[in-house]
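The structure under discussion appears below in the form of structure tokens.
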Amino acid sequence: MFPEPPTPGPPSPDTPPDSSRISHGPVPPWALATIVLVSGLLIFSCCFCLYRKSCRRRTGKKSQAQAQVHLQEVKGLGQSYIDKVQPEVEELEPAPSGPGQQVADKHELGRLQYSLDYDFQSGQLLVGILQAMGLAALDLGGSSDPYVRVYLLPDKRRRYETKVHRQTLNPHFGETFAFKVPYVELGGRVLVMAVYDFDRFSRNDAIGEVRVPMSSVDLGRPVQAWRELQAAPPSPAHNILRGMDWSRGSGDGPLSFQQEKLGDICFSLRYVPTAGKLTVIVLEAKNLKKMDVGGLSDPYVKVHLLQGGKKVRKKKTTIKKNTLNPYYNEAFSFEVPCDQVQKVQVELTVLDYDKLGKNEAIGRVAVGAAAGGAGLRHWADMLANPRRPIAQWHSLRPPDRVRLLPAP
């Protein structure tokens with residue numbers, strides 16, 4: 001009744017094979033091992049990259065934090081040195097009025113408040129420099145950097161100076177100085193309180209002074225008073241420091257002095273606390289002393305790094321022939337760790353080169369924590385401004401007068 005299904009015969013050669021009928025054999029072991037190894041390497045590489053990236057971030061943050069700590073430490077150290085800076089003796093005398101410089105009227109110089117007291121038990125005169133008001137503005141910005149020098153005439157060798165107060169015409173000093181003087185000798189003394197405007201790059205200018213004859217003061221009780229500043233008279237000591245001759249008559253005959261001018265040198269200091277690198281750039285010198293027969297010199301500069309009073313490193317500039325105003329602009333670097341910056345000093349010596357004989361020193365300059373005056377001021381400004389070059393002019397001093405004490 002029903003038709004019989006056709007009996008399948010052998011496939012023809014033109015018919016494609018059925019994929020469901022293809023049998024898959026087992027995967028070889030070496031293929032499995034290769035797949036596992038490659039996957040492991042990929043996972044390890046990703047993990048290693050992530051680890052390195054996180055380490056770099058932590059290291060960068062740590063080094064940045066350390067750099068900030070070093071900068072703050074050095075800035076604080078520099079500021080502490082600035083507070084200790086006092087003017088040198090060479091800077092204490094007033095600069096002469098130039099042709100275009102106007103001398104302020106005595107009513108425009110300002111006022112000074114001081115106190116006097118005598119300690120009869122210790123035989124000391126106590127002089128208090130309290131404050132000043134309405135000082136004359138000698139800087140271009142309409143301000144001044146005042147400090148006060150105190151001494152008792154006729155002895156000018158024993159003198160005291162207050163701290164320099166920056167950019168103010170109404171400074172509050174609040175400092176007291178003691179002079180060991182017998183009471184019976186006070187009547188012949190004159191107290192001088194001279195106010196100066198500090199200038200980093202040139203001579204300090206005299207604002208004015210107050211002179212108090214001690215014979216007119218009743219020291220039976222403490223005295224406190226305001227006085228108007230008077231114009232400071234020119235002094236013979238200023239002529240000495242300017243390299244001029246002067247003489248004065250006395251009972252023993254005329255007395256003459258002469259201070260030889262050695263010249264000036266300009267150099268910059270730069271300290272990078274994070275790298276522990278101190279850079280000294282010798283820029284130029286001017287008005288050097290004549291050392292050769294022809295009235296010139298062949299100057300060069302030696303730069304010494306000292307630690308504990310001993311020279312540990314030495315550099316030198318090129319020799320400039322036949323000149324008293326050489327220009328160098330040569331840089332020298334020294335490795336100085338941040339924890340050693342208080343213990344090192346830099347000494348610059350200007351010498352005259354002699355082909356046949358011994359090179360002769362013209363003068364020296366010392367800067368560092370153990371220096372004083374301009375040398376300490378320059379060092380303090382460098383530490384207070386890390387990574388920035390600080391340039392300053394220095395007057396050369398005789399080689400035998402430059403003595404650095406070991407830094408604390």
**Request:** Would you confirm whether Asn170, through its side chain, and Gly134, through its main-chain N or O, come within 3.5 Å as a donor-acceptor pair?
**Result:** yes

**Asked** Considering all heavy atoms of both residues, which atom of Lys163 and which atom of Tyr147 are nearest to each other, and what is their separation?
**Response** O-CB, 3.6 Å

**Message:** Nearest 0.5 Å, please: how far is CD1 in Ile129 from CZ in Arg149?
**Reply:** 12.0 Å

**Request:** Before giving the answer on side chain to side chain donor-acceptor pair (under 3.5 Å), spell out for Asn359 and Tyr300 the whole-Å C-alpha distance, their side-chain angles and the decisive distance to 0.1 Å.
**Result:** CA-CA 10 Å; Asn359 299 337; Tyr300 69 98; 3.0 Å; yes

**Item:** Short side-chain to backbone donor-acceptor contact, Asp145 and Gln167, under 3.5 Å
**Value:** yes

**Item:** Contact check, side chains of Thr323 and Leu296, non-hydrogen atoms, under 4.5 Å
**Value:** no

**For the student: nearest non-hydrogen atoms of Leu283 and Ala391, plus distance** = CD1-CB, 4.1 Å

**Prompt:** For Asn322, does its backbone N or O pair with a side-chain atom of Asp298 as donor and acceptor, under 3.5 Å?
**Reply:** yes

**Asked** With distance as the sole test, does Thr176 use its side chain to make a donor-acceptor pair with the main-chain N or O of Gly128 at under 3.5 Å?
**Response** no

**Prompt:** Going from NZ on Lys315 to NE2 on His304, what distance comes out if it is rounded to the nearest 0.5 angstrom?
**Reply:** 11.5 Å

**Item:** Backbone of Tyr183 reached by a side-chain donor or acceptor of Tyr118 within 3.5 Å
**Value:** yes

**Message:** Counting only heavy atoms not in Arg227 (residues, nucleotides, ligands), do more than 12 fall under 6.0 Å from its CZ?
**Reply:** yes

**Leu396 and Val350, any side-chain heavy atoms less than 4.5 Å apart** = yes

**NZ/NE/NH1/NH2 to OD/OE distance under 4.0 Å, Arg211 and Glu209** = yes

**Message:** Is it the case that the side chain of Lys180 and the backbone of Leu125 share a donor-acceptor pair, with hydrogens and angles ignored and the cut-off at 3.5 Å?
**Reply:** no

**Request:** Show the numbers, then the answer: is there a side chain to side chain donor-acceptor pair (under 3.5 Å) between Tyr151 and Arg158?
**Result:** CA-CA 6 Å; Tyr151 58 92; Arg158 187 177 182 183; over 6 Å; no

**Backbone of Val301 reached by a side-chain donor or acceptor of Thr317 within 3.5 Å** = yes

**Message:** Do Cys338 and Tyr271 make a side-chain contact, defined as non-hydrogen atoms from C-beta onward lying under 4.5 Å apart?
**Reply:** yes

**Asked** Shortest non-hydrogen contact from Ala178 to Leu126?
**Response** CB-CD2, 3.7 Å

**Taking every non-hydrogen atom, the tightest pair across Ala136 and Leu169** = O-CD2, 3.8 Å

**Message:** Can you tell me how far apart CD1 (Ile265) and NE2 (His394) are? Round to the nearest 0.5 Å.
**Reply:** 8.5 Å

**Prompt:** Any sub-3.5 Å donor-acceptor pair from His378's side-chain atoms to Ile390's backbone N or O?
**Reply:** yes

**Asked** Given Asn325, which of Leu288, Asp264, Asn287 fulfils the side-chain contact (heavy atoms from CB on, under 4.5 Å) condition?
**Response** Asn287

**Fill in**
Heavy-atom nearest pair, Gly368 first then Leu376, reads O-CD1, 3.6 Å

**Request:** Would you check, one step at a time, whether the test side chain to side chain contact (heavy atoms under 4.5 Å, CB included) holds for Val280 with Phe334?
**Result:** CA-CA 8 Å; Val280 181; Phe334 302 93; 4.2 Å; yes

**Asked** If we only count heavy atoms from C-beta on, is the Lys286 to Pro326 side-chain gap below 4.5 Å?
**Response** no

**Message:** Quick one, Tyr328 and Pro299 - any side-chain contact, counting heavy atoms below 4.5 Å?
**Reply:** yes

**Request:** Inspect the surroundings of NZ in Lys314 and state if more than 12 heavy atoms from other residues, nucleotides or ligands are less than 6.0 Å away.
**Result:** no

**Asked** Which heavy-atom pair separates Leu135 from Arg111 by the least distance, and what is that distance?
**Response** CD2-O, 4.4 Å

**Asked** Hey, is CZ on Phe48 packed in by over 12 heavy atoms from elsewhere, all under 6.0 Å?
**Response** no

**Item:** Side chain to side chain, Leu130 and Tyr114, heavy atoms closer than 4.5 Å
**Value:** no

**Message:** side chain to side chain contact (heavy atoms under 4.5 Å, CB included) for Glu161 and Val148? Distances and angles first, verdict last.
**Reply:** CA-CA 6 Å; Glu161 300 89 31; Val148 182; over 6 Å; no

**Item:** Check: Thr279 side chain, Ser333 main-chain N or O, donor-acceptor pair, under 3.5 Å
**Value:** no

**Item:** Value rounded to 0.5 Å, distance of CG in Leu153 from CE in Met214
**Value:** 12.0 Å

**Message:** Go through it in stages, so that I can follow the logic: the residues are Phe179 and Tyr160, the test is ring pair (Phe, Tyr, Trp, His ring centres under 6.0 Å), and I'd like the CA-CA distance, side-chain angles, deciding distance and then a yes or no.
**Reply:** CA-CA 10 Å; Phe179 293 88; Tyr160 297 98; 5.1 Å; yes

**Prompt:** Looking at Lys343, Gln345, Gln340, which one forms a side-chain hydrogen bond (donor to acceptor under 3.5 Å, both in side chains) with Gln307?
**Reply:** Gln340

**Prompt:** How many angstroms lie between atom CZ of Arg159 and atom CG of Leu152, to the nearest 0.5 angstrom?
**Reply:** 12.0 Å

**Asked** Distance from Asn329 atom CG to Glu284 atom CD, nearest 0.5 Å?
**Response** 9.5 Å

**Request:** Using a cut-off of 6.0 Å, state whether more than 12 heavy atoms not belonging to Arg388 lie near its atom CZ.
**Result:** no

**Heavy-atom check, side chain of Ile362 versus side chain of Met291, under 4.5 Å** = yes

**Message:** Any non-hydrogen side-chain atom of Leu278 less than 4.5 Å from a side-chain atom of Met382?
**Reply:** yes

**Item:** Backbone N/O of Ile281 and side chain of Arg270: donor-acceptor pair under 3.5 Å
**Value:** no

